[in-house]
Amino acid sequence: MTFNIRLGVAYYNLGFFNIKLRYDMYFGVNDSIIDVYLGSWNTIPIQARIDRTTQPNRTPRIMMGITYTTWVQTNYLQGDNLTVEILNLNHPNSMLII
């Protein structure tokens with residue numbers, strides 16, 4: 001399954017993005033770890049944390065930090081869309097950002 005995330009000011013600069021309610025069920029509980037692959041499933045993933053306390057409806061915020069921010073700013077412009085892929089049977093509890 002894939003969906004898009006638009007790189008607004010916060011998502012481009014602050015090392016996180018929020019997950020829409022319709023995809024909430026595919027992500028773990030608060031403070032759980034998720035592997036995030038940047039650009040390809042063949043890369044070494046970064047470990048991100050799921051934060052369900054910042055959004056009023058408790059949908060996930062994926063906290064990825066400086067490695068994600070540096071990668072995004074190297075490969076994209078603010079306003080671009082990222083494609084996020086989840087539910088890869090070969091990589092459970094993970095997501096790919098391209």
Short side-chain to backbone donor-acceptor contact, T70 and T67, under 3.5 Å = no
key: Rounded distance (nearest 0.5 Å) linking atom CG of N18 with atom CE of M63   = 9.0 Å
ask   = When rounded to the nearest 0.5 angstrom, what distance separates CG in L38 from OG1 in T43?
value = 6.0 Å
query = When you look at Q78 and N13, which way does the side chain to side chain contact (heavy atoms under 4.5 Å, CB included) test go after all the steps?
reply = CA-CA 9 Å; Q78 188 173 315; N13 293 298; 3.9 Å; yes
request  = Could you pull out the closest heavy-atom pair between N93 and I33, with the gap in Å?
outcome  = ND2-O, 2.8 Å
ask   = CG of D35 to CE of M95: how many Å apart, nearest 0.5 Å?
value = 10.0 Å
note = Nearest heavy-atom contact between Y12 and Q73 is O-NE2, 3.1 Å
request  = Could you work out the complete set of other residues in the hydrophobic cluster of I98, with links drawn between I, L, V, M, F, W and Y side chains under 4.5 Å apart?
outcome  = Y37, W41, L96
query = So how far is it from I50 CD1 to D31 CG, rounded to the nearest 0.5 Å?
reply = 9.5 Å
inquiry  = What I'd like to find out is whether the side chain of L7 reaches to under 4.5 Å of the side chain of V72, using heavy atoms alone.
reply    = yes
request  = Could you state whether M25 and V29 fall into the same hydrophobic cluster, counting links through intermediate Ile, Leu, Val, Met, Phe, Trp or Tyr residues with side-chain heavy atoms under 4.5 angstrom apart?
outcome  = no
Geometric class of the Y23/F3 ring pair [parallel <30°, tilted 30-60°, perpendicular >60°] = parallel
inquiry  = Nearest 0.5 angstrom please: L87 CG to S94 OG, how far?
reply    = 9.0 Å
request  = Look up atom CG in N30 and atom OG1 in T54, then write down how far apart they are to the nearest 0.5 Å.
outcome  = 8.5 Å
task = State, yes or no, whether a side-chain contact exists between T69 and F16 at a heavy-atom distance under 4.5 Å.
result = no
inquiry  = Contact between F17 and I97 at the side-chain level, heavy atoms closer than 4.5 Å - yes or no?
reply    = yes
query = Same cluster for I19 and L21 if Ile/Leu/Val/Met/Phe/Trp/Tyr side chains link at under 4.5 Å?
reply = no
message = Any non-hydrogen side-chain atom of I34 less than 4.5 Å from a side-chain atom of R49?
response = no
ask   = Which pairs, with at least one residue in residues 50-68 and sequence neighbours excluded, count as a salt bridge (Lys or Arg N to Asp or Glu O under 4.0 Å)?
value = D24-R52
query = If every non-hydrogen atom of Y76 is compared with every non-hydrogen atom of W71, which pair is closest and at what distance?
reply = CE1-CH2, 3.6 Å
query = What heavy-atom pair brings Y68 and Y11 nearest, and what distance separates the two atoms?
reply = OH-O, 3.1 Å
note = Heavy-atom closest pair (F27 atom, I62 atom, distance to 0.1 Å) is CD2-CD1, 3.9 Å
